[in-house]
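Here is the structure we will look at.
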2 protein chains.
Amino acid sequence: MTEQHFTLPLFTVDNVMFAIDNAKLNVLLVKRAAEPYNNYWSLPGGVVDVTLDKDVEACAMRKLQQKTGLTPAYLEQLEVFSGPDRDPRGYSISLAFFALLPYTPVSSNINSVSHVSWWPLDQLHQLTLAFDHQHIIHHAHQRLQQKALYSMLPVFCLPSTFTVGQLKTVIETILGKEIQRKSLMRRIEASNMFTLTEQKQHSGGRQAQLYQLKPGVNITHFNRNMGA
Amino acid sequence: MTEQHFTLPLFTVDNVMFAIDNAKLNVLLVKRAAEPYNNYWSLPGGVVDVTLDKDVEACAMRKLQQKTGLTPAYLEQLEVFSGPDRDPRGYSISLAFFALLPYTPVSSNINSVSHVSWWPLDQLHQLTLAFDHQHIIHHAHQRLQQKALYSMLPVFCLPSTFTVGQLKTVIETILGKEIQRKSLMRRIEASNMFTLTEQKQHSGGRQAQLYQLKPGVNITHFNRNMGA
DNA sequence: GAAATAGTGTCTTTGAGACACTATATG
DNA sequence: CATATAGTGTCTCAAAGACACTATTTC
């Protein structure tokens, strides 16, 4: 808070927000409109505003809302990335968050053309992203995969009411491999996180039971990994 | 890097370094010698020096060395703690690290009296620590316990050569409960992280096999939790 | 030999994997 | 009826828990 007279590193927040569309993992990116990396795709983020943000989580939320119009269903700190070379302007420190959301199309309700967009994870290698954002996304993806093995975190990629089949698909998309429906049902049962609702049809087949998160429950962590 | 003219939050690094002495978990604390919280015990930390620290990890290492004379065997990012109220000087952001080391006595080789000291974790509630450091230590402890359930991390609390019995004691101290020797041996075997050496006696009993970390191996993560 | 610590053998328990089988929907 | 998706029954498999038993050392 004191006026600093020596060189201070720049502290920023970056968000890796994931959602699943079309059976693929997508990341939300925004197009930069300033140097450096002008016109490059980048992670939505920014600097803390001491007067608005009660903490760094609030800052991450605010920046996501402001830059993309979306609010994550789940948000957690990923890791701090730092060093003299990741930003051409000099030494920088960035706290990356990773976030989950049920897929929501983004029209560029913010500005003119397509400044905000979902990008399939498997197409990112074709892009050159700003700063070390490619690297950060890779770490976030790994964390997400790890957590999908032992927790119910993937439910945050689903609407408030969903079927076991949908959850199975989400987990499989995150992991990039199939899991046993039976194992998932056992976990749903054991977690005691959900309540039941009416029915709902899917494509041609038997109607599936609809589940719903109990209000205010914590996500269950299991003490074994699944599918690994 | 630019000279900022609006209020910037203060970014600092704090270290929660654990070691085991006398069958107890200890945390390394330093006595503050400046306001605020003058003369209170606190976590060793400080601000990033752009010219010395290639990243925040290097900063954490340097501060530990400088303030305590010790270098951790293991260091990882814990979490960022932030907000307007944790430091009376104003909005602050602190990246906490958690670190492990085989127990080494600290003589106050730094300054006059006891400005650096190991404190048993179970006696900390008797102290009033600076800032939110009590809270940070609690988080670090939880993380350490969690990781002890599914990884070989606790070996970093042991000297370069050690017995199964010693590792068992370390893990039990961290977890605060007993584990099965057999389970631990299975993990040591399965991890393939160690090589054998000669022998060594302990108190009255059969000599124990000495193990040693293979050079350059990664710590193994298992896909089940132990003892939980 | 008694006590103490190190290490093994092996049965039980827990929870995931595999996969066949039943149930209910649509055309 | 065929086909598709939902859900169950149940056997197998992997790894941890329990715990007795053997091995080696000191006194």
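By convention in this document, chain letters (A, B, ...) are assigned in the order of the sequence lines, proteins followed by strands, and residues within each chain are numbered from 1. Note that these values count all heavy atoms, side chains included, but never hydrogens, waters or copies made by symmetry.
Nearest to the side-chain atoms of Val164(A) among the listed nucleotides dA16(D), dG17(C), dG7(D) stands dG7(D). The Ser183(A) side chain lies nearest to dA16(C) when the options are dA16(C), dG7(D), dA16(D). Taking every side-chain heavy atom of Arg206(B) into account, dA23(D) is the closest of dT8(D), dA16(D), dA23(D). Considering only the side chain of Gln180(B), dA18(D) comes nearest among dG17(C), dT25(D), dA18(D). Taking the side chain of Lys182(B) as heavy atoms from C-beta on, and the options dC19(D), dT10(D), dA6(D), the nearest nucleotide is dC19(D).
As rounded to whole Å, 13 Å separates atom C1' of dA14(D) from atom CG of Asn225(A). Across the protein-nucleic acid pair, Lys200(B) atom NZ and dA6(C) atom P stand 9 Å apart, rounded to whole Å. When the P atom of dT5(C) is taken as reference, atom CG of Leu210(B) falls 17 Å away, rounded to whole Å. The distance from atom CD1 of Ile188(B) to atom C1' of dA15(D) is 16 Å, rounded to the nearest whole Å. Nucleotide dA4(C) holds its C1' atom 13 Å from the NZ atom of Lys168(B), rounded to whole Å. Between the CZ atom of Phe162(A) and the P atom of dA6(D) there is a distance of 14 Å, given to the nearest Å. Protein atom CD of Glu178(B) is 18 Å distant from nucleotide atom P of dA16(D), rounded to whole Å.
More than 12 heavy-atom neighbours from other residues, nucleotides or ligands sit within 6.0 angstrom of NE2 on His221(A).
At a cut-off of 3.5 angstrom, the base of dG17(C) holds at least one donor-acceptor pair with the side chain of Arg186(A).
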Could you walk me through whether Arg86(A) and Ser92(A) pass the side chain to side chain donor-acceptor pair (under 3.5 Å) test, one step at a time? CA-CA 7 Å; Arg86(A) 46 187 304 281; Ser92(A) 66; 2.8 Å; yes

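Checking the phosphate oxygens (OP1, OP2) of dA6(D), no side-chain nitrogen or oxygen of Arg181(A) falls inside 4.0 Å. Checking the phosphate oxygens (OP1, OP2) of dA14(D), no side-chain nitrogen or oxygen of Arg224(B) falls inside 4.0 Å. Distances shorter than 4.0 Å separate none of the side-chain N or O atoms of Gln207(B) from OP1 or OP2 on dT24(D).
Looking at Thr197(B) and Gln212(B), their side chains never bring a donor and an acceptor atom within 3.5 Å of each other.
Residues Met61(A) and Thr71(A) are in side-chain contact: their nearest non-hydrogen atoms beyond the backbone lie under 4.5 Å apart.
Between Glu76(B) and Lys147(B), at least one side-chain nitrogen of the basic residue sits less than 4.0 Å from a carboxylate oxygen of the acidic one, meeting the salt-bridge criterion.
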